[in-house]
Amino acid sequence: MKKMDQHQKFMALAIKLSEQNVLDSVGAPFGAVIVKDGEIVAKSANKVTSTNDPTAHAEVSAIRIACKKLKTFDLSGCIVYTSCEPCPMCLSAIYWAKIDFIYYANTKQDADDIGFSDKFIYDELHKPMDKRQLPIKQMMRDKAQHAFKLWDQSAMKTEY
């Protein structure tokens, strides 16, 4: 199978997951597929409302499944196909997982048009902490530094 045909096959599956999630009244219209070496490693639809977990977006849920299946937190060599441009949380998770490439269908503007806006988060990230909507205050840094020092000297220290 040609590369482009494979990409279309995996994207079609991500889109089908997003559609089926709505048709089954399970959740929002988002789906994601993670592929490694041309094989599907994980797939998921959005599970936020069905699991009462605000982090259970399709991409994050698929990452969790892939990491469990591959027994690693490093998904280098993987590609994610997602039915919509990843939100800031999902994009961060994709970076942390070291996924090699993202293919997406709908844009963040398309999502915004149906009530899923990430603009607020993007805008908040550019503001100084004291100007953000969510109050935030640092405290007890000196005490917390001990855990960082322990980690820095630990034999089990694993870079990621």
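Values below: every heavy atom of this structure, side chains too, minus hydrogens, waters and symmetry copies. Counting from 1, the numbers follow the sequence of the chain as shown. Note that the coordinates shown come from a computational prediction; the quantities given were computed from them, not determined experimentally.
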[atom2] on [Y] to [atom1] on [X], rounded to 0.5 Å:
X: Ile114; Y: Asn106; atom1: CD1; atom2: CG; result: 7.5 Å
X: Lys108; Y: Asp118; atom1: NZ; atom2: CG; result: 7.5 Å
X: Asp5; Y: Lys9; atom1: CG; atom2: NZ; result: 10.0 Å
X: Lys36; Y: Lys69; atom1: NZ; atom2: NZ; result: 11.5 Å
X: Ser44; Y: Ile65; atom1: OG; atom2: CD1; result: 4.5 Å
X: Ser61; Y: Lys43; atom1: OG; atom2: NZ; result: 14.0 Å

Should [X] and [Y] be counted in the same cluster of Ile, Leu, Val, Met, Phe, Trp and Tyr side chains packed under 4.5 Å apart?
X: Ile94; Y: Val41; result: yes
X: Tyr95; Y: Leu70; result: yes
X: Leu91; Y: Val80; result: yes
X: Phe101; Y: Ile15; result: yes
X: Ile40; Y: Met11; result: yes

[atom1] ([X]) with more than 12 external heavy atoms under 6.0 Å:
X: Phe73; atom1: CZ; answer: yes
X: Lys119; atom1: NZ; answer: no
X: Lys16; atom1: NZ; answer: no
X: Lys131; atom1: NZ; answer: no

Which pair of heavy atoms, one from [X] and one from [Y], lies closest together, and at what distance?
X: Ile34; Y: Cys78; value: CG2-CB, 3.8 Å
X: Glu59; Y: Cys90; value: OE1-SG, 3.2 Å
X: Ala45; Y: Leu17; value: CB-O, 3.8 Å
X: Arg132; Y: Lys127; value: NE-O, 3.3 Å
X: Ala66; Y: Ala42; value: N-CB, 3.6 Å
X: Val33; Y: Ala14; value: CG2-N, 3.7 Å

Donor-acceptor under 3.5 Å ([X] side chain, [Y] main chain):
X: Asp123; Y: Phe120; answer: no
X: Asn21; Y: Ala28; answer: yes
X: Ser83; Y: Gly31; answer: yes
X: Asp74; Y: Ser76; answer: yes
X: Glu124; Y: Gln133; answer: yes
X: Asn46; Y: Pro29; answer: no
X: Ser154; Y: Trp151; answer: no

Establish, yes or no, whether a centroid distance under 6.0 Å links the rings of Phe10 and Tyr103. no
Check Ile63, Val35, Ile79 against Ile99 for a side chain to side chain contact (heavy atoms under 4.5 Å, CB included) and give me the one that passes. Ile63
Side chain to side chain, Asp53 and Lys47, heavy atoms closer than 4.5 Å: no
